[in-house]
Amino acid sequence: MHIPDGFISTGTAAVSWLASAGSVGYAVRRVNRQLGERQVPLMGVTAAFIFAAQMMNFTVAGGTSGHLLGGALAAILLGPWAGMLVLTSVLVVQALLFQDGGLVALGANVLNMAVIGVLVGWVVYTGLRRLLSDRPWATWVSGFAAAWLSVVIASLAAAVELAVSGTSPWGVALPAMGLVHMLIGIGEGLITVAVLAFLRVTRPDLLTLYQKAQGA
Amino acid sequence: MDLVKKRWWIIGLLLALIVAFLSPLASPHPDGLERVAEDHGFLERAREAPYQLIPDYLFPGIENEAAATITAGVVGTLLIFGLMYGLAWVLRQRTQSHGS
């Protein structure tokens with residue numbers, strides 16, 4: 001859902017730039033105080049994987065495709081602040097080098113996917129984990145729900161920006177973006193759970209790296 | 001085994017590169033936002049980027065489309081890894097110098 005230039009108005013772009021710059025600045029300050037030794041390479045690997053996975057579009061329905069956004073995955077592995085920086089880096093490189101997502105619209109794309117996508121993923125995952133406590137399937141259910149909802153809410157944020165800009169009426173943008181991303185979100189959920197399951201089998205310590213760093 | 005434990009991130013990076021190598025298999029259909037823009041008549045509002053470096057994830061100067069996609073994917077994956085690793089490393093150094 002990378003917004004190209006031309007889809008949103010200058011005013012919407014400016015407000016989004018301010019909101020995302022403020023959020024990313026806050027994330028830098030938070031990460032600054034709490035980054036563990038192994039979180040440095042984990043941030044690099046997570047960013048590299050999300051970039052590569054974002055190239056792997058999968059068909060959903062009616063000649064439409066989607067791809068992993070990775071906001072929930074990054075939040076689960078790295079916490080919300082480092083996760084926000086990972087998604088922001090991916091989006092900045094995509095806009096500057098790959099002309100994927102506009103330069104004027106970069107603030108909006110960071111706001112939707114790196115700020116809102118990551119925070120929604122984090123809140124839903126930690127909330128559900130607490131609710132489901134020790135049940136063996138808690139990780140998978142929470143991971144899937146966090147991934148699905150992060151994509152749907154991010155797409156609704158994009159729809160709001162399109163509507164505010166006068167590009168598409170509210171009654172069209174919100175349901176159209178929401179519905180197609182409810183389908184794409186299923187793919188996001190499946191990939192997120194698959195990565196979490198792979199890590200549980202191979203390196204379970206990496207799954208709890210952030211919680212451990214918080215407790216220390 | 002010791003190497004695998006200490007250098008686990010190399011394996012993670014290799015897995016990301018494998019995904020980049022598979023990227024020519026990606027679905028060619030427009031994504032969710034493009035689909036909505038097409039169906040509801042605002043796709044033509046999209047403006048061309050002011051410059052083009054690696055547009056459409058095709059590395060310029062490579063005839064074969066799959067090879068161009070793979071090259072773009074590998075370059076991007078390595079670049080993102082280096083950038084993120086470097087940034088996180090700098091932030092961690094600052095963490096230590098604060099001594100908290």
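Note on naming: letters A, B, ... go to the chains in the order of the sequence lines (proteins, then strands), and numbering restarts at 1 for each one.
Comparing A:Thr46, A:Leu85, A:Val104 by heavy-atom pairs within less than 4.5 Å of chain B, the highest count is held by A:Leu85. In terms of non-hydrogen atom pairs under 4.5 Å with chain B, the most contact-rich of A:Met55, A:Gln94, A:His67 is A:Met55. Heavy-atom pairs under 4.5 Å with chain B peak, among A:Ala47, A:Pro4, A:Gly63, at A:Gly63.
Heavy atoms of A:Val180 lying under 4.5 Å from chain B belong exclusively to its side chain. Contacts of B:Leu83 with chain A are made by side-chain atoms alone, with heavy-atom separations under 4.5 Å and no backbone atom involved. Within the 4.5 angstrom heavy-atom criterion, no atom of B:Pro28 approaches chain A. Residue contact with chain A, scored on non-hydrogen atoms closer than 4.5 Å, involves the side chain of B:Arg35 exclusively. There is no contact between B:Phe21 and chain A, counting heavy-atom distances below 4.5 Å.
Aromatic ring orientation, A:Phe51 versus B:Tyr57: tilted (interplanar angle from 30° to 60°).
For the pair A:Met177/B:Leu33, a side-chain contact is recorded, criterion being any heavy-atom separation below 4.5 Å from C-beta on.
Between the side chain of A:Gln99 and the backbone N or O of B:Leu53, at least one donor-acceptor pair lies under 3.5 Å. Between the B:Arg45 side chain and the A:Gly6 main chain, no donor and acceptor come within less than 3.5 Å of each other. Using a distance-only test at 3.5 Å, with no hydrogens or angles considered, no donor-acceptor pair links the side chain of B:Ser27 to the main chain of A:Phe58.
The local environment of CH2 in A:Trp140 is crowded, with over 12 non-hydrogen atoms from other residues, nucleotides or ligands closer than 6.0 Å. Around CD of B:Gln52, the count of heavy atoms belonging to other residues, nucleotides or ligands within 6.0 Å exceeds 12.
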